[in-house]
Amino acid sequence: MDAQSYNAALTELRSVRDKIKKVRADLGKLEAERDQHILQLATYDKAKAERIAPAAGLSVADIVTLAPTLAPETLAEAVPPAQPQALEETAEPRGPEPQPTAQPGAVTSPTSAAHQQPVPSTVPPAPVLAEAPRSLPSIPEGEAGDAYFSHTANLASTRPNFTQQARSTVFLDTATGVLVHRNQTHRLDLGDRSAGALLTAVFHTIPEGTERIYITAGDPWHQDADRYPYLRDAVAAWLNAPVPGWRTDTGRGRDRMAGHFVHARSPVGRYQRVDGQQHVEIRSVGEWFDADGDDPATVRDAFVLLWQALRRHWDDAVIMGSPSQTGRDLWTRTIPARGQHADGFPVLSEELRGLLHATAGQGRNELITPPRVPEQLPQLVEYDRTFAYAKHTWKSPVGTPRRITAATFAAWSEKEQNRALYGCGHWHIRVTVPDTWNHVGLLPAPAPGERAWHYPAEGGTTFTTWAGGPEVHTALTNPLTPWKIEILDGILWDDGKPLDDWAKKLKETWTNLSAQARFHGDPQQARAAHLASRAVRSILLYGIGAFAQRPRMVTGTTPRTLERDVPPDAEIISFDDELITWQKPTGFSRDPNAHPEWAAAIWSGARAALLTQRHRDDNTHAGALHTPPGTVVAFRTDALYLTEPQNWPYHHQPGDYLLRGHFTGPLPAPTGEEELLTLRDAGRAALTTSRES
């Protein structure tokens, strides 16, 4: 570029700048005009935020923020927008923290006597706006609270009396056009890589039809991402674009799944021909494992190996569309046909399920920044707990839950208190961090944001929260200094083994495939076995998440000419001149396999094991609390990031800490997730290089 073209480009840039300023000014005027319309509508005594929101192209929370008088009167009406994740998590019910007024039980150490302190009163929950600090609900007193401790009438998990039907599946790389169908490989012309182009090309090549298309590479739903502010908008536009001869599927059969699932990374497109004669799903194999450059044939081999390995334990095993569907289907086939639980496992009351959704978090994700860690890290070492959740399925809650009030807990003997805290329970507690504490936090506390948690660690801090028995027990018996725990309320179940048989079979399947991956002489088959072993991990991981049965989100489209038909509780996620795309929560369905108490117990046990776990065979312990203060940089679900390597045993068993990465410094301490992930990837690459050299 010479000086003349440089100056000309500057002139053009200034012109673009001025246009942007003008457009922003116009946008500001339009937004101000829109807000005035909303405020005017709010003066109508029958105005509703959920009716105004789709007309304004905003969420209900945005409308209520602008016009607080439109706030719903009940929590059930105030449904904030959800962020779909791998486990399809959605918004949780909320309520205020209890205030002390009576007598709770308190435990300062495993052998201390309970003492008397105030007990919480129950305050009716109030709607909380999306940006407000989050507080946790409590169990109400009286008959309202008694309703929590029951099961939903005529709803239980029972053994199926039908055989799941397999679906014809193909594997497609949309970057190269390579399609694998059974033992045949084809190369397709995918045109503009739209959903319509994919369906046309696949059904032209496989005229007898297919019911599931796995995308192994290419992510076609991201091809226009630069035109949208968020990836989910691009995905929604791709899924909802017109497909000649097809429409959005309305569901069928026992495995009834309808509508598209909009997710930034792993969306699901469900289509059916307009004549209703053909149904097909377009899915990403990323739901099952990370196919990092693997060709469709290797991915197909992975699914074949997975099916063969599962068939050794379930003679009617079928691989369904997602790991969560597959996991729950396989679990139902381990429900005893006779004996204690032959009638199935009853589903908890909707009230108690809602409380568990609001108060039982999932994995611990925390980045610890300076001054709690050095500004310059000497190194970053990553340890990942192998197949971690499989370690915590041996004991789960069963039976009708009991309420353990503060007074009841205080009246128990020390032995009874310890037995309860070691059992299957979920506890409302007031926590005080010891004044001399100088290590990581031990218990989750609610933080602002949807389903957000943090882990207070500063000495003298007091907070109120809910936590599972494993975490409470760990806080009281940790190897450094016992924390002070006051029991405000609690839920206690009998100990049972509803997941043990299922998990054992999956662990054996995982062990078999992992061994094939390590010792197979054919590199492609070894890689396929590795991918299959990762799929088994996903079956268990997402199967457990599916037990949580969070309220689901559905997406749909409505023509602009029929805007009044947009559901009143829907959130507008995108729109153009033709269509409005929306999503809405469907709430808790009558799902016979909804058992959030099982997921909560496993997640609590996994979080506790990140802090400390015993290796009996080696007579040693591992976990964050067995490292010097100031050496823990981050927690990420099953992984620990440290500044020093540890000599922890690894025997390829579920729960063992595997060294995944080691990056030598000095290097600046990460201050955000992206920086941590960059260092993680560099550490994994460095460890791989050092092992190969």
Side-chain angles (χ1 to χ4, degrees), residues 85-87 89 287-290 323-324 327 331 360-366 381-396 424 440 442 444 453 455 467-471 473-474 497 499-500 502-514 517 530 532-548 598-618 620-627 632-642 646 648-661 680 684:
Q85 298 179 0
L87 304 185
E89 292 184 355
E287 294 181 83
W288 293 87
F289 44 69
D290 182 11
S324 61
W331 172 74
Q362 194 178 337
R364 178 170 181 170
N365 288 285
E366 180 185 22
V381 188
E382 178 191 8
Y383 287 95
D384 186 34
R385 294 187 68 228
T386 298
F387 205 17
Y389 287 178
K391 179 79 171 179
H392 306 286
T393 54
W394 63 278
K395 180 177 72 172
S396 300
C424 293
V440 298
L442 304 186
W453 302 87
Y455 294 79
E471 292 168 284
H473 189 266
T474 295
K497 293 181 177 294
L499 304 177
D500 194 43
W502 173 71
K504 282 180 178 177
K505 290 178 176 180
L506 289 177
K507 283 187 280 190
E508 290 178 17
T509 303
W510 173 82
T511 299
N512 177 274
L513 290 168
S514 297
H530 171 73
S533 73
R534 299 296 291 174
V536 176
R537 174 186 177 275
S538 296
I539 288 173
L540 186 133
L541 174 70
Y542 294 120
I544 291 168
F547 286 125
W598 297 347
I602 292 168
W603 293 338
S604 179
R607 290 193 300 268
L610 279 176
L611 299 170
T612 178
Q613 72 172 18
R614 183 185 175 195
H615 292 260
R616 288 185 174 84
D617 294 342
D618 300 277
T620 189
H621 289 78
L625 294 181
H626 302 280
T627 66
V632 179
V633 177
F635 298 85
R636 279 186 62 81
T637 309
D638 302 328
L640 273 177
Y641 296 83
L642 310 172
Q646 304 295 317
W648 292 335
Y650 185 75
H651 302 299
H652 299 280
Q653 295 300 311
D656 286 357
Y657 279 91
L658 170 67
L659 177 63
R660 289 289 305 278
R680 178 201 67 182
R684 291 181 178 180

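Just so you know, these numbers come straight off a predicted model, no measurement behind them.
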Can you name the side-chain hydrogen bond (donor to acceptor under 3.5 Å, both in side chains) partners of [X], sequence neighbours left out?
{"X": "T393", "answer": "none"}
{"X": "H615", "answer": "Q613"}
{"X": "R684", "answer": "E382"}
{"X": "D656", "answer": "none"}

Salt bridge between R537 and D638, side-chain N to carboxylate O under 4.0 Å?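 Answer for the salt bridge query: yes.
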Any donor-acceptor N or O pair under 3.5 Å, side chains Y657, T386: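 Judged by distance alone, the side chains do not pair up.
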Under 3.5 Å, is there a donor on one side chain and an acceptor on the other for H626 and T612?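 Looking only at side-chain atoms, T612 and H626 do form a donor-acceptor pair, the distance falling under 3.5 Å.
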Determine the minimum heavy-atom distance between [X] and [Y], stating which atoms define it.
{"X": "K507", "Y": "P654", "value": "CD-CG, 3.8 Å"}
{"X": "T627", "Y": "G623", "value": "CG2-O, 3.8 Å"}
{"X": "G545", "Y": "W603", "value": "CA-CZ2, 4.0 Å"}
{"X": "Q646", "Y": "Y383", "value": "N-OH, 2.7 Å"}
{"X": "A606", "Y": "Y389", "value": "CB-CE2, 3.6 Å"}
{"X": "G361", "Y": "W453", "value": "CA-NE1, 3.6 Å"}

As a quick check of understanding, evaluate side-chain contact (heavy atoms from CB on, under 4.5 Å) for V633 and L642, giving each step before the final call. CA-CA 5 Å; V633 177; L642 310 172; over 6 Å; no
Euclidean distance, [Y] [atom2] relative to [X] [atom1], rounded to 0.5 Å:
{"X": "S396", "Y": "I544", "atom1": "OG", "atom2": "CD1", "value": "8.5 Å"}
{"X": "H392", "Y": "L499", "atom1": "NE2", "atom2": "CG", "value": "13.0 Å"}
{"X": "L611", "Y": "T474", "atom1": "CG", "atom2": "OG1", "value": "6.5 Å"}
{"X": "H652", "Y": "W510", "atom1": "NE2", "atom2": "CH2", "value": "8.5 Å"}
{"X": "L541", "Y": "L506", "atom1": "CG", "atom2": "CG", "value": "11.5 Å"}

Residues that P323 engages under side chain to side chain contact (heavy atoms under 4.5 Å, CB included), provided they are two or more places apart: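 Only E287, W288, S538, I539, Y542 meet the side chain to side chain contact (heavy atoms under 4.5 Å, CB included) criterion with P323.
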Output all residues satisfying side chain to side chain contact (heavy atoms under 4.5 Å, CB included) with K395, sequence neighbours left out; order by chain, then residue number.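 Result, side chain to side chain contact (heavy atoms under 4.5 Å, CB included) vs K395: Y422, C424, D495.
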Is there a donor-acceptor pair closer than 3.5 Å between any side-chain N or O of [X] and the backbone N or O of [Y]?
{"X": "R607", "Y": "P470", "result": "no"}
{"X": "Y455", "Y": "R364", "result": "no"}
{"X": "S604", "Y": "A601", "result": "no"}

Anything under 30° is parallel, anything over 60° is perpendicular, the rest tilted; go ahead and classify W331 against W598.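 The rings of W331 and W598 stand perpendicular, inter-plane angle above 60°.
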Hey, is NZ on K504 packed in by over 12 heavy atoms from elsewhere, all under 6.0 Å?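 Open: at most 12 neighbouring heavy atoms sit under 6.0 Å from NZ of K504.
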Side chains of L625 and V440, heavy atoms from C-beta outward: is any pair under 4.5 Å?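 Side chain of L625 against side chain of V440, heavy atoms only: contact under 4.5 Å found.
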For Y650, which of L658, L659, D618 qualifies under side-chain contact (heavy atoms from CB on, under 4.5 Å)?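 Result for side-chain contact (heavy atoms from CB on, under 4.5 Å) with Y650: L658.
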